[in-house]
Amino acid sequence: MADKDINIDEVSIQNDAAEQNVTADDNARDTIAPENLDAASAAQVDALIAEIKDLNDKYLRTAAELENTRRRSSLDCESAARNRAISVAKNFLPVMDAIDAAQQHAPDDAGILAMARAMQAAFDQIGITRVKSVGEPLNPALHNAVQVATAPADMQPAPAPNTVISELQSGYTIGDAVIRPAMVVVAK
C-alpha cells in the first residue's frame with residue numbers, strides 16, 4: 001500500500017510523494033467507495049477535503065476584500081474630486097458676490113451683465129446652483145438667519161413666521177453639498 005495511488009476525480013493522493021495536487025470539490029469524499037480505502041488513506045482524503053474547504057474560504061474572503069477595496073477606492077476618488085470642486089467654487093463665490101453688488105448699482109450696464117452671464121454659465125457647467133431663499137421657509141441646512149424682523153407692510157401675501165423675507169448674501173450648493181449657506185432675514 002505504500003506505493004499505491006488513489007485517484008478521486010481530480011484529487012491525486014500519493015503516500016510517498018513530496019507534493020500533493022488537490023483540485024477537487026467538497027463532494028470528493030462522497031464519491032470514494034469506503035471499501036477501497038484503508039484508514040490512512042481515508043484520513044488523508046479527509047485532511048485534503050478540509051484543506052480545500054479552508055482554501056476556498058480564504059479565496060472567497062480575499063475576493064470580497066478586493067471588491068470592497070475597489071469600491072472604497074472609487075468612492076474616495078469621487079469624494080476627492082468633489083472636495084476639490086467645492087474648494088475651487090468657494091474661491092469664486094466672492095467674485096459672484098461682487099458681480100451681484102455691481103448689478104444692483106448699475107443694472108443696465110452691458111459689461112456687468114456680460115460678466116454675470118459668463119459667471120452663471122460657468123457655475124451651471126460645474127453644477128453650482130444658487131440657494132432659493134426669499135419666500136421660502138427657513139431651512140437651517142441652506143440658510144443662516146442673521147436677523148429676525150417684522151415683514152414690510154407692502155409684502156403681499158404676508159409671510160408666515162420663520163419665512164425668509166430678505167437675502168443679505170446668496171448661498172450656493174453643488175449637488176447636495178452646501179458650499180455656503182445664504183445669509184437671510186426671517187419674519188417674526
Using atom types as modelled, flag every donor-acceptor pair under 3.5 Å from a side chain in residues 177-188 to any protein atom, sequence neighbours excluded.
from	atom 1	to	atom 2	distance (Å)
R180	NE	S170	O	3.1
R180	NH1	D97	OD2	2.8
R180	NH2	D97	OD1	2.9
R180	NH2	D97	OD2	3.1
R180	NH2	S170	O	2.7

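Taken to the nearest 0.5 Å, the OG1 atom of T150 stands 7.5 Å off from the CD1 atom of I165. Atom CD of E78 is separated from atom OG of S73 by 10.0 Å, given to the nearest 0.5 angstrom. Going from atom CG of L55 over to atom CG of L60 covers 11.0 Å, rounded to the nearest 0.5 Å. Taking CZ of R117 as the start and CD1 of I99 as the end, the distance is 11.5 Å to the nearest 0.5 Å. Here NE2 of H143 is found 7.5 Å from CD of E167. Values are rounded to the nearest 0.5 Å. Note that the CD atom of E51 and the NZ atom of K53 stand 13.0 Å from one another [nearest 0.5 Å].
Not counting sequence neighbours, T62 has no partner by the side-chain contact (heavy atoms from CB on, under 4.5 Å) test.
The shortest distance between side-chain heavy atoms of T173 and I128 does not fall below 4.5 Å. Inter-residue side-chain proximity for Y172 and L142 is flagged as unmet; no heavy-atom pair is nearer than 4.5 Å. Side-chain contact check for Q44 versus I49: every heavy-atom pair is 4.5 Å or farther apart. Side-chain contact between S74 and R70: absent, with no pair of heavy atoms (C-beta onward) separated by less than 4.5 Å. A 4.5 Å side-chain heavy-atom check between Q103 and M115 finds every atom pair outside the cut-off.
One hydrophobic cluster, built from ILVMFWY side chains closer than 4.5 Å, cannot hold both V134 and V146; they sit in different ones. Cluster annotation: M96 is not connected to V131 through the hydrophobic network of ILVMFWY side chains, with a link wherever side-chain heavy atoms come within less than 4.5 Å. Using a 4.5 Å cut-off between side-chain heavy atoms of Ile, Leu, Val, Met, Phe, Trp and Tyr, with links allowed through other members, L168 and V95 fall into different hydrophobic clusters.
Considering all non-hydrogen atoms of both residues, P140 and L138 come closest at CD-O, 3.8 Å. When all heavy atoms are compared, the tightest approach of D109 to I112 is OD1-N, 3.2 Å.
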Practice item. Would you please test R71 and D76 for salt bridge (charged side-chain N to carboxylate O under 4.0 Å, His left out) and show each step? Key: CA-CA 9 Å; R71 190 172 2 99; D76 288 347; over 6 Å; no
Practice item. Apply salt bridge (charged side-chain N to carboxylate O under 4.0 Å, His left out) to the pair R61 and D57, showing each step before the final yes or no. Key: CA-CA 6 Å; R61 290 178 188 273; D57 182 58; 3.0 Å; yes
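More than 12 heavy-atom neighbours from other residues, nucleotides or ligands sit within 6.0 angstrom of CZ on F123.
Of the possible donor and acceptor atoms, one in the side chain of T69 sits under 3.5 Å from a partner among the backbone N and O of E65.
Side chains of Q104 and D100: a donor-acceptor N/O pair is absent below 3.5 angstrom, by distance only.
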